[in-house]
Protein chains: 2
Amino acid sequence: MLLLGAASALVDGINERVRAGGFTDLRPAHGFAFVRLAPDGATVVELAEHLGVTKQAASQMADELVRKGYVERRPHPSDARARLLTLTERGWACTRAADEAAIAVLQPWADALGPAQLSAVRTALSRLAVPGRIRPTW
Amino acid sequence: MLLLGAASALVDGINERVRAGGFTDLRPAHGFAFVRLAPDGATVVELAEHLGVTKQAASQMADELVRKGYVERRPHPSDARARLLTLTERGWACTRAADEAAIAVLQPWADALGPAQLSAVRTALSRLAVPGRIRPTW
DNA sequence: CAGATTGGTCAAGCTGCTTGACTAAATAGT
DNA sequence: ACTATTTAGTCAAGCAGCTTGACCAATCTG
C-alpha cells in the first residue's frame, strides 16, 4: 500500500507541476511516451512496445500529440514504410519541465533520507521491479 | 521509474498469484474494493470515495462483484436508504488468497533487505505517499 | 523474384468511466 | 410538526482509450 501510494503521489505530483507550467493538455500517460521519444525519436511500433499497448493505440496517441504540437511525424531515414516520431521544440520544453518537476518532487524526500538510505531504497526497489514493465493501467 | 516499476511488479505479482489460485475473473482494481469492504462492509458511496470514482462507477463494480459471487447487498442496519456491501465466503477466500500472495511477493524482498533497511524503506515511502491516494488509473 | 514479414492505417466495437436527471429516506430549520 | 435541504442509490446516455480484424505498401528471405 505504501509503495502504491508513493508511486501515485509521485506521478500526480509531477503531473500537477507540469500542468502548472503551462502544459495543461497532457496526462501522465503522455509522459511515458515522451520518455521513449526524447532521445532520438521512435516509430509507432517502438512506441507501442514501450507503452505496452497495440500499435493502433500508440498511433492514436501519436496523432493526438502531433495535433497538440508536441510531436512531428517525419519520414524514416532508412525505411520507407516507417515514420519517425520526434519531439518538437514544445515537446522538448515539456520534457524539461517534467524533469524539473520530478526533481522538485523527489528532492525533499532525498534530503530527508540522506544518501546512504537513498541508495539502499534504490537498490531495494530495483530488486523488486522488472525492467520492462512501467505502465500499470490496472 | 524504479518506484513505478516496483509498484507495477507488486500489483502484477499479486494479481497473477490470485488468478492462479482460482480467482480468474478479477482484476487488480477489484482488490482495492475488497480492501474497503473486508473489515465490516461499506456502502456504495463509501466504496466510491475509497476508490476515487463516482458512486455510479462504484455501484457498477458492486453489481459485477455481486454477480460473480464475491459480494452481497444487504439492508443497512441503521439507514433504510443505504445498502451494506459485505463479502461473501468466496469474497473472504479471495481476500485471504490476496494476503498470502502479497506476502509471497514481498517476502524474498524483505529477506534480502533485512529488518533495519526494510523499516527505513517503509518510513521513506510513507513520507512521500499521501494517505488517501491509492488508485492510479493514469 | 515469389513468399513471408513488418510498419502503418482504417474501421468497428467494447469496457470502464463520466455527467445529468431522478426517487426515496434522512436530517435541519424554523 | 412540517417544510426544505441533504444524502444514498439507481437509470440512462455518452465519451475516451483501448482492443481485434482487415488491409496496403515497403522490406526482408530463400
Side-chain angles (χ1 to χ4, degrees), chain A residues 8 11-12 15 19 24-34 36-37 40-68 70-86 133-138, chain B residues 8 11-12 15 19 24-34 36-37 40-68 70-86 133-138:
Chain A
S8 188
V11 170
D12 286 349
N15 186 236
R19 290 176 67 91
T24 57
D25 54 355
L26 293 178
R27 290 172 298 111
H30 297 129
F32 295 110
F34 281 42
R36 183 64 180 81
L37 299 180
D40 303 302
T43 66
V44 165
V45 169
E46 287 165 349
L47 180 60
E49 281 167 4
H50 178 251
L51 296 177
V53 299
T54 61
K55 56 187 180 176
Q56 292 92 326
S59 181
Q60 201 165 306
M61 177 180 283
D63 280 341
E64 183 189 350
L65 291 175
V66 168
R67 181 165 39 78
K68 290 178 175 172
Y70 294 97
V71 167
E72 266 181 340
R73 280 182 205 268
R74 16 180 79 246
H76 195 284
S78 66
D79 189 336
R81 298 170 299 179
R83 314 240 240 136
L84 193 62
L85 302 170
T86 56
R133 290 288 291 103
I134 296 174
R135 174 188 165 268
T137 314
W138 310 333
Chain B
S8 188
V11 172
D12 286 348
N15 186 235
R19 291 177 66 92
T24 56
D25 54 356
L26 293 179
R27 291 172 298 111
H30 297 132
F32 294 110
F34 281 42
R36 183 65 180 82
L37 300 180
D40 305 300
T43 67
V44 165
V45 169
E46 288 165 348
L47 180 61
E49 279 166 7
H50 178 251
L51 296 178
V53 300
T54 61
K55 56 186 180 177
Q56 293 92 327
S59 181
Q60 200 166 305
M61 178 179 283
D63 281 340
E64 182 189 352
L65 291 175
V66 168
R67 181 164 39 78
K68 290 178 175 172
Y70 294 97
V71 167
E72 264 181 341
R73 279 182 206 268
R74 16 180 78 244
H76 193 285
S78 66
D79 188 335
R81 298 169 300 176
R83 316 242 237 131
L84 193 63
L85 303 169
T86 56
R133 290 287 291 107
I134 297 173
R135 172 189 165 267
T137 315
W138 311 332

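Worth saying up front: this structure is predicted, and the values here are computed from it rather than measured. Chain A is the first sequence line, chain B the second, and so forth, proteins listed ahead of strands; every chain is numbered from 1.
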Worksheet item: Only one of A:H30, A:E72, A:Q60, A:R73 forms a side chain to side chain contact (heavy atoms under 4.5 Å, CB included) with A:L65, so which one is it?
Response: A:H30
Discussion item. What is the distance, to the nearest angstrom, from the CG atom on A:L47 to the P atom on C:dT9?
Written reply: 12 Å
Worksheet entry | Toward the 5' end of DNA chain C, by each residue's nearest nucleotide, A:L84 or B:S78 | A:L84
Response to the item:
Closest heavy-atom pair, B:T43 versus B:A82, reported as atoms and distance to 0.1 Å, is CG2-CB, 4.2 Å
Worksheet item: Which nucleotide sits closest to the side chain of B:R73: C:dT9, D:dT19, D:dT10?
Response: D:dT10
Worksheet item: Rounded to whole angstroms, how far apart are CZ on A:R74 and P on C:dG8?
Response: 15 Å
Discussion item. Can you measure B:H76 atom NE2 to D:dA8 atom C1' for me and round it to whole angstrom units?
Written reply: 10 Å
Worksheet item: B:L26 CG to C:dT15 P: how many Å, rounded?
Response: 16 Å
Worksheet item: Which sits closer to the 5' end of DNA chain D, B:V45 or A:H30, going by the nucleotide each is nearest to?
Response: B:V45
Worksheet item: Going by heavy atoms in the side chains, are A:L37 and A:Y70 under 4.5 Å from each other?
Response: no
Discussion item. Contact between A:R36 and A:L85 at the side-chain level, heavy atoms closer than 4.5 Å - yes or no?
Written reply: no
Fill in: Rounded distance in Å - CD (A:Q60) to P (C:dT9)
11 Å
Worksheet item: Looking only at N and O atoms, is any donor in the side chain of B:R81 or the base of D:dT7 less than 3.5 Å from an acceptor on the other one?
Response: yes
Worksheet item: Choosing from C:dT9, D:dT10, D:dA26, which nucleotide comes nearest the side chain of A:D79?
Response: D:dA26
Discussion item. Side chain of A:A57, heavy atoms from C-beta onward: which of D:dT19, C:dT18, D:dG9 has the nearest atom to it?
Written reply: D:dT19
Fill in: Pairwise side-chain contact, A:M61 with A:V53, heavy-atom cut-off 4.5 Å (strictly under)
no
Discussion item. Rounded to whole Å, how long is the line connecting atom CG of B:D63 with atom C1' of D:dA8?
Written reply: 15 Å
Fill in: Nearest-angstrom distance from the residue atom NZ of B:K55 to P of C:dC22
14 Å
Worksheet item: Side-chain donor or acceptor of A:E64 under 3.5 Å from a matching atom on the base of D:dG17?
Response: no
Response to the item:
Heavy-atom nearest nucleotide on DNA chain D taken for A:A80 and for B:R83; more 5' hit belongs to B:R83
Worksheet item: For the pair made of CD in A:E46 and P in C:dG8, what is the distance, rounded to whole Å?
Response: 8 Å
Discussion item. If the cut-off is 4.0 Å, is B:T43 near the phosphate of D:dG9, judged by side-chain N/O to OP1 or OP2?
Written reply: yes
Worksheet entry | Per A:R27 side chain, nearest of listed nucleotides D:dG17, D:dG9, C:dG8 | D:dG17
Practice prompt. Would you tell me if any nitrogen or oxygen in the side chain of A:S59 comes within less than 4.0 Å of OP1 or OP2 on C:dG8?
Written response: no
Practice prompt. Report yes or no: is there a donor-acceptor pair, N or O only, under 3.5 Å between the side chain of A:Q56 and the base of D:dG17?
Written response: no
